[in-house]
Protein chains: 2
Amino acid sequence: MKVAHKIWLDNNGKAFGEGPYELLKRVEKTNSLHQAAMEMKMSYSKAWKLIQTMEKRLGFVLLDKKIGGSSGGGSRVTPKGKDLMKRYGRLEKDAKEAIDRIYRKQFGNR
Amino acid sequence: MKVAHKIWLDNNGKAFGEGPYELLKRVEKTNSLHQAAMEMKMSYSKAWKLIQTMEKRLGFVLLDKKIGGSSGGGSRVTPKGKDLMKRYGRLEKDAKEAIDRIYRKQFGNR
């Protein structure tokens, strides 16, 4: 037996969570939403819609998109997006530790 | 903006969580899985299957079922089921407090 959890931000619907966080981490590495979506076995259109929905609910832009150019465009996480990632990453890490601790207290080694 | 979460027990699949907890609380009050399911706008067959799945994954019985009789049968939460409810209830309450605290630390009043 083990404990599992999900944590997300809500603003009249899911505004940010594990999926978008993973997606943005991959955009940071690759500077490409195409590449990030592919790595998560997600269609580009689904990834694009997800980002749009999150941006709308958060009230700020997560990705700066460059269209075209010799490199074929690309996406960069905005400073506000990076700040959100940092805070969400800490929220998730600290919450996981707290939940594991509380679980052990209530359920021991069952 | 606010933080939301779900916590569940896992043993090769969901073994217990908010839904079954709510269902068992209603069985405790009504001594009837029929009544409990109805209160949650869940079909009896769905409630029954949910209990069966949880019992299999937990490895113990949650409900003692009495079939027939002048009262038309009924269901009672077993002592092991009540113990689980108590522990899960505390896990959920303490985890909610911890997550709210961690959220405020990371996100303040955003």
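So you know, we letter chains A, B, ... as the sequences are listed, proteins then strands, and number each from 1.
Between B:K2 atom NZ and A:L9 atom CG the span is 11.5 Å, to the nearest 0.5 Å. Separation of atoms CG (A:N12) and CE (B:M1) is listed at 9.5 Å; rounding is to 0.5 Å. Interatomic distance, A:K96 NZ to B:I102 CD1, rounded to the nearest 0.5 Å: 12.5 Å. Once rounded to the nearest 0.5 Å, the distance linking CZ of A:R101 with CG of B:D94 reads 9.0 Å.
For chain B, the nearby part of A:K105 is the side chain; its heavy atoms alone come within less than 4.5 Å. Only the side chain of A:A15 comes within less than 4.5 Å of a heavy atom in chain B; its backbone stays farther off. Contacts between A:A98 and chain B at a heavy-atom distance below 4.5 Å involve the side chain alone, from C-beta outward.
A:M38 and A:L50 fall into different hydrophobic clusters, where Ile, Leu, Val, Met, Phe, Trp and Tyr residues are linked whenever their side-chain heavy atoms come under 4.5 Å apart, directly or through other members. B:V61 is not connected to B:L33 by any chain of hydrophobic side-chain contacts under 4.5 Å among Ile, Leu, Val, Met, Phe, Trp and Tyr, and they are in different clusters. Hydrophobic clustering keeps A:W8 apart from A:F60 (ILVMFWY residues linked when any side-chain heavy atoms are closer than 4.5 Å, directly or through intermediates). Hydrophobic clustering of Ile, Leu, Val, Met, Phe, Trp and Tyr side chains at less than 4.5 Å, counting indirect connections, unites B:M42 with B:F16. Cluster annotation: B:L24 is connected to B:W48 through the hydrophobic network of ILVMFWY side chains, with a link wherever side-chain heavy atoms come within less than 4.5 Å.
Contact annotation: the side chain of B:L84 approaches that of A:F107 to within less than 4.5 Å [non-hydrogen atoms, C-beta and beyond]. Residues B:Q106 and A:Y88 form no side-chain contact, since every pair of their non-hydrogen atoms from C-beta on lies 4.5 Å or further apart.
Taking all atoms of both residues into account, the shortest heavy-atom contact from A:L91 to B:I99 is CD1-O, 4.4 Å.
For A:H34, the NE2 atom sits in a loose shell: 12 or fewer heavy atoms of surrounding residues, nucleotides or ligands are nearer than 6.0 Å. Within a 6.0 Å radius of CZ in B:R76, no more than 12 heavy atoms belonging to other residues, nucleotides or ligands are found.
Counting heavy-atom pairs closer than 4.5 Å to chain B, the top residue among A:K14, A:K86, A:R90 is A:R90.
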